[in-house]
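Structure first, commentary second.
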Amino acid sequence: VFGKDINLVLVLNNLSSDRKSIRVDMSASTILYTRRAVAEILKAATSVELGPRQGKHIRVKIPYTHYGKYLTTDKRIQVTALCEVMRSQGLKLLVEKTIILEDTNIIIKVPRRVVVNRAVSLEISYANPLPEPVSRCVLLVTLMNQQVKINLARLAPRERSKIYFEFTPRRAGPLQLQVDFSCDKFSHVKGFVTIGVAPA
């Protein structure tokens with residue numbers, strides 16, 4: 001989840017009856033959705049001895065403090081592990097994983113019944129998932145082809161807050177409500193809901 005430390009496990013298994021020495025070079029970078037690297041956030045190397053038919057786990061931790069300021073709005077991190085079997089004429093295995101960090105910041109609560117030409121109040125809650133305070137918080141609410149910009153108070157580390165947004169639907173049918181939350185440390189955290197509007 002965005003804002004928290006990332007914990008990974010690399011599993012190595014020796015399927016042969018011979019003892020193996022493995023060198024593991026690990027790296028991680030923040031990337032764009034095109035897979036273009038933005039910044040390297042981890043570089044580590046280790047060696048592992050594997051007995052016949054033995055498996056081992058290598059644990060890797062990427063703290064938020066290492067990746068936070070380099071993350072793009074795509075919220076993607078590419079992790080690679082190059083595993084080289086020593087004394088084996090250059091036998092290598094490359095393992096890659098792309099991590100997409102989830103946002104759990106926006107929650108929109110809609111009343112059970114929404115009716116044409118009757119005012120309705122929605123609850124929009126938003127959160128700071130980071131271990132540090134954020135300021136210059138802004139919510140951009142898009143509904144019925146109109147945008148409303150709402151300036152919010154700063155949020156303490158891990159704080160959740162909420163506002164109430166009132167509107168009056170003018171026609172029956174489905175309505176799309178989109179919320180976009182930004183602040184000084186991250187931007188464009190989105191939430192949306194489809195509201196079913198009943199006839200009067």
Side-chain angles (χ1 to χ4, degrees), residues 1-8 28-33 38-39 41-42 60-79 98-198 200:
V1 176
F2 173 58
K4 297 193 174 174
D5 295 347
I6 299 168
N7 292 293
L8 303 169
S29 298
T30 56
I31 60 170
L32 300 172
Y33 74 94
V38 176
I41 53 173
L42 171 78
V60 181
K61 182 176 182 177
I62 307 175
Y64 165 74
T65 51
H66 286 199
Y67 74 80
K69 63 183 175 184
Y70 301 111
L71 208 59
T72 71
T73 53
D74 297 325
K75 296 186 175 63
R76 291 171 188 253
I77 293 173
Q78 177 88 23
V79 182
T98 300
I99 301 166
I100 303 173
L101 299 177
E102 292 178 13
D103 283 322
T104 54
N105 293 0
I106 305 288
I107 300 170
I108 304 166
K109 290 185 181 175
V110 181
R112 261 212 179 116
R113 188 163 162 78
V114 178
V115 179
V116 169
N117 294 327
R118 195 178 297 170
V120 61
S121 183
L122 308 176
E123 181 185 290
I124 302 172
S125 75
Y126 52 95
N128 171 16
L130 307 184
E132 56 189 331
V134 296
S135 58
R136 297 200 297 279
C137 302
V138 174
L139 268 185
L140 195 62
V141 181
T142 306
L143 180 68
M144 297 186 293
N145 297 320
Q146 292 188 324
Q147 284 191 333
V148 179
K149 182 179 177 182
I150 304 166
N151 293 311
L152 307 165
R154 70 197 301 272
L155 290 172
R158 314 277 189 217
E159 183 184 2
R160 179 170 283 281
S161 191
K162 61 187 171 186
I163 63 162
Y164 292 91
F165 181 78
E166 190 172 286
F167 74 99
T168 303
R170 297 300 178 199
R171 59 178 177 80
L175 266 184
Q176 277 266 333
L177 173 98
Q178 184 172 309
V179 177
D180 188 311
F181 178 51
S182 295
C183 66
D184 64 331
K185 300 286 193 322
F186 55 85
S187 61
H188 304 304
V189 174
K190 296 182 187 296
F192 69 92
V193 68
T194 300
I195 304 166
V197 182

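Predicted model, so just to flag it, every value in this text is computed and none were measured.
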Original post:
Do R158 and K4 have side-chain heavy atoms sitting under 4.5 Å apart?
Top reply: yes
Between the CD1 atom in I41 and the OG atom in S29, the distance rounded to the nearest 0.5 Å is 7.0 Å
In terms of heavy-atom contacts, L130 and K185 come closest through CD1-CB, 3.7 Å
When every non-hydrogen atom of L143 is compared with those of Q176, the smallest separation belongs to CD1-O, 3.5 Å
Rounded to the nearest 0.5 Å, the SG atom of C137 sits from the CD1 atom of I150 at a distance of 12.5 Å
Note: S161 and L155 closest approach over all heavy atoms is CB-CD2, 3.9 Å
* Please tell me if the side chains of I6 and L101 come closer than 4.5 Å, counting only heavy atoms from C-beta onward. => yes
One should read off an interatomic distance between L42 CG and K61 NZ, to the nearest 0.5 angstrom, of 13.0 Å
(request) Check step by step if side chain to side chain contact (heavy atoms under 4.5 Å, CB included) holds for V79 and V60. (result) CA-CA 10 Å; V79 182; V60 181; over 6 Å; no
* Sub-4.5 Å side-chain heavy-atom contact between V189 and K75 -> yes
Heavy-atom closest pair (R154 atom, E159 atom, distance to 0.1 Å) is O-OE1, 4.2 Å
- Should V38 and L71 count as side-chain neighbours, where that means a heavy-atom distance under 4.5 Å? no
Rounded to the nearest 0.5 angstrom, the CD1-CD distance for I108 and Q178 is 9.0 Å
What one should report as the nearest heavy-atom pair of L177 and F165 is CD1-CE2, 4.5 Å
Here the gap from Q78 atom CD to I31 atom CD1, rounded to the nearest 0.5 Å, amounts to 4.5 Å
Sorted by chain and residue number, the ring-ring contact (aromatic ring centres under 6.0 Å, His included) partners of F167 (sequence neighbours excluded) come out as none
Q) Hey, are the side chains of F186 and V134 touching, using non-hydrogen atoms and a 4.5 Å cut-off? A) yes
Exercise for review: State whether a side-chain donor-acceptor pair under 3.5 Å links R160 with S125.
Suggested key: yes
In terms of relative ring orientation, are F181 and Y126 parallel, tilted or perpendicular, with 30° and 60° separating the classes? tilted
Got K149 and V138 here, is their nearest side-chain heavy-atom distance under 4.5 Å?
-> yes
Distance col, row L139:CG vs C183:SG, nearest 0.5 angstrom, shows 10.5 Å
Point to revise | Steps toward side chain to side chain contact (heavy atoms under 4.5 Å, CB included) verdict (R170, N117) | key: CA-CA 5 Å; R170 297 300 178 199; N117 294 327; 3.3 Å; yes
Side chains of P111 and L122, heavy atoms from C-beta outward: is any pair under 4.5 Å? yes
Do P169 and L175 have side chains that approach each other closer than 4.5 Å (heavy atoms only, starting at C-beta)? yes
Nearest heavy-atom contact between A198 and A172 is C-CB, 4.2 Å
Within 6.0 angstrom of Q146 CD, more than 12 heavy atoms from elsewhere:
no
